[in-house]
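A short worksheet on the structure shown next.
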Amino acid sequence: MSGVGAKNIFWHDTAVTKADRQQLNNHKSCTVWFTGLSGSGKSTLANAVAKRLHELEVRTYVLDGDNIRHGLNKDLGFSPEARTENIRRIGEVAKLFVDSGVIVLTAFISPYREDRQLVRNLLEEQEFIEVYTKCTLDECEKRDPKGLYKKARSGVIKEFTGISAPYEEPDHPEIIVQTDTQTIEQSVEKIIQQLKEQGII
Ligand SMILES: Nc1ncnc2c1ncn2[C@@H]1O[C@H](COP(=O)(O)OS(=O)(=O)O)[C@@H](OP(=O)(O)O)[C@H]1O
Ligand SMILES: Nc1ncnc2c1ncn2[C@@H]1O[C@H](COP(=O)(O)OP(=O)(O)O)[C@@H](O)[C@H]1O
């Protein structure tokens, strides 16, 4: 997968800009990037925050690992290289959503620091808000909402994050939500507060 397609391609500026769209929407746009173990609450919180924002008349879109892997990224597995490509593509998609003036909430394990940094670098400062859904492996395994940990423990699923594949914790995430001790409402509130403090909403 090399970048050979970039030859003889020219960038077009658009007549309507990101700033124009943000003005029309009455709020700024950004990526709220959830990262954490399977079952740590990424999807739950991305959707809960989106719901809250929608009620506040803010335009949102949720990109979820499971859904994207049914379509755009259905050719990718879970090797380190496939995960890197998964996150690279999602980063580019998130950037398009930010350009469209929307707050995009992404729920991907995104286990590698370097891959998350790559996405951060794609966006402007302030446009990438990393939320670490911190939860002990023990608790995630107890929750096991899809029965995947059980399969990973028995060896049916290989390269499973936290069991047989690595998860690299963020060094300096904008937000940490401790989902095994904080309630969903507390986590949502913390994220909404950050968006307000950054002047996004
Ligand atoms: N081997 C392995 N490791 C981790 N996860 C697995 C695996 N196989 C399938 N699944 C399911 O796929 C979801 C993770 O997809 P992501 O795109 O978020 O993964 S990654 O960011 O590329 O690491 C993940 O979803 P979440 O539980 O919502 O995190 C699982 O449902
Ligand atoms: N405080 C909490 N924050 C987030 N999720 C929680 C919390 N307490 C319990 N849960 C449950 O944990 C599970 C997390 O699953 P999910 O959101 O699919 O995680 P992920 O997207 O990280 O795999 C859900 O069933 C959710 O209801």
Could you go through the side-chain contact (heavy atoms from CB on, under 4.5 Å) check for Arg143 and Thr179 one step at a time?
CA-CA 12 Å; Arg143 290 178 185 169; Thr179 69; 3.5 Å; yes
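Within the hydrophobic cluster formed by Ile, Leu, Val, Met, Phe, Trp and Tyr side chains joined at under 4.5 Å, directly or through other members, Trp11 stands alone, with no partner residue. Hydrophobic cluster of Val16: no remaining members, since no ILVMFWY side chain lies below 4.5 Å from it.
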Distance-only donor-acceptor pairs under 3.5 Å for side chains of residues 44-52, two or more places apart:
{"unit_1": "Asn47", "atom_1": "ND2", "unit_2": "Ser43", "atom_2": "O", "d": "2.8"}
{"unit_1": "Arg52", "atom_1": "NH1", "unit_2": "Glu189", "atom_2": "OE1", "d": "3.2"}

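Looking at heavy atoms from C-beta onward, Thr14 lies out of side-chain contact with His12 at the 4.5 angstrom threshold. Counting only heavy atoms from C-beta outward, the side chains of Asn73 and Ile90 approach each other to under 4.5 Å. Counting only heavy atoms from C-beta outward, the side chains of Asp66 and Lys146 approach each other to under 4.5 Å.
Neither Ile68 nor Phe78 shares a network with the other; the hydrophobic side chains, linked directly or stepwise wherever heavy atoms of I, L, V, M, F, W or Y lie under 4.5 Å apart, form separate groups for each. Under a hydrophobic clustering in which Ile, Leu, Val, Met, Phe, Trp and Tyr are joined whenever their side-chain heavy atoms come within less than 4.5 Å, directly or via other members, Leu63 and Val131 fall into different clusters. Residues Trp33 and Val62 do not share a hydrophobic cluster, clusters being chains of Ile/Leu/Val/Met/Phe/Trp/Tyr side chains in contact below 4.5 Å. The hydrophobic cluster containing Val119 does not contain Ile109, counting ILVMFWY residues as joined when their side-chain heavy atoms lie under 4.5 angstrom apart, directly or transitively. Taking hydrophobic clusters as Ile, Leu, Val, Met, Phe, Trp and Tyr residues chained together by side-chain heavy-atom distances below 4.5 Å, Leu72 shares a cluster with Phe108.
Glu55 CD: more than 12 foreign heavy atoms inside a 6.0 Å radius. Within 6.0 Å of CD in Gln186 there are more than 12 heavy atoms belonging to other residues, nucleotides or ligands. Counting non-hydrogen atoms of other residues, nucleotides and ligands closer than 6.0 Å to CD of Glu114 gives a total of 12 or fewer. Around the NZ atom of Lys190, the shell of radius 6.0 Å holds more than 12 heavy atoms that belong to other residues, nucleotides or ligands.
Within the structure, the ring-ring contact (aromatic ring centres under 6.0 Å, His included) test picks out the following pairs touching residues 86-106 (sequence neighbours left out): Tyr61-Phe97.
Gln117 places no side-chain N or O within donor-acceptor distance of the main-chain N or O of Arg113, the cut-off being under 3.5 Å. With hydrogens and angles disregarded, no donor-acceptor distance shorter than 3.5 Å links the side chain of Asn25 to the backbone of Arg59. Looking at Lys42, its side chain never comes within 3.5 Å of a backbone N or O of Thr133 through a donor-acceptor pair.
Contact between Ser40 and Cys135 at its shortest, heavy atoms only, is CB-CB, 3.9 Å. Taking both residues in full, the closest heavy atoms of Gln126 and Ile200 are given as O-CD1, 3.8 Å, listed atom of the first, atom of the second, then distance.
In this structure Glu130 satisfies the salt bridge (Lys or Arg N to Asp or Glu O under 4.0 Å) test together with Arg116, Arg120, sequence neighbours excluded. With sequence neighbours left out, Phe160 forms a ring-ring contact (aromatic ring centres under 6.0 Å, His included) with Tyr149.
A donor-acceptor contact under 3.5 angstrom links the side chains of Arg83 and Thr161, judged on distance only. If you check the side chains of Thr35 and Tyr167, you find a donor sitting under 3.5 Å from an acceptor.
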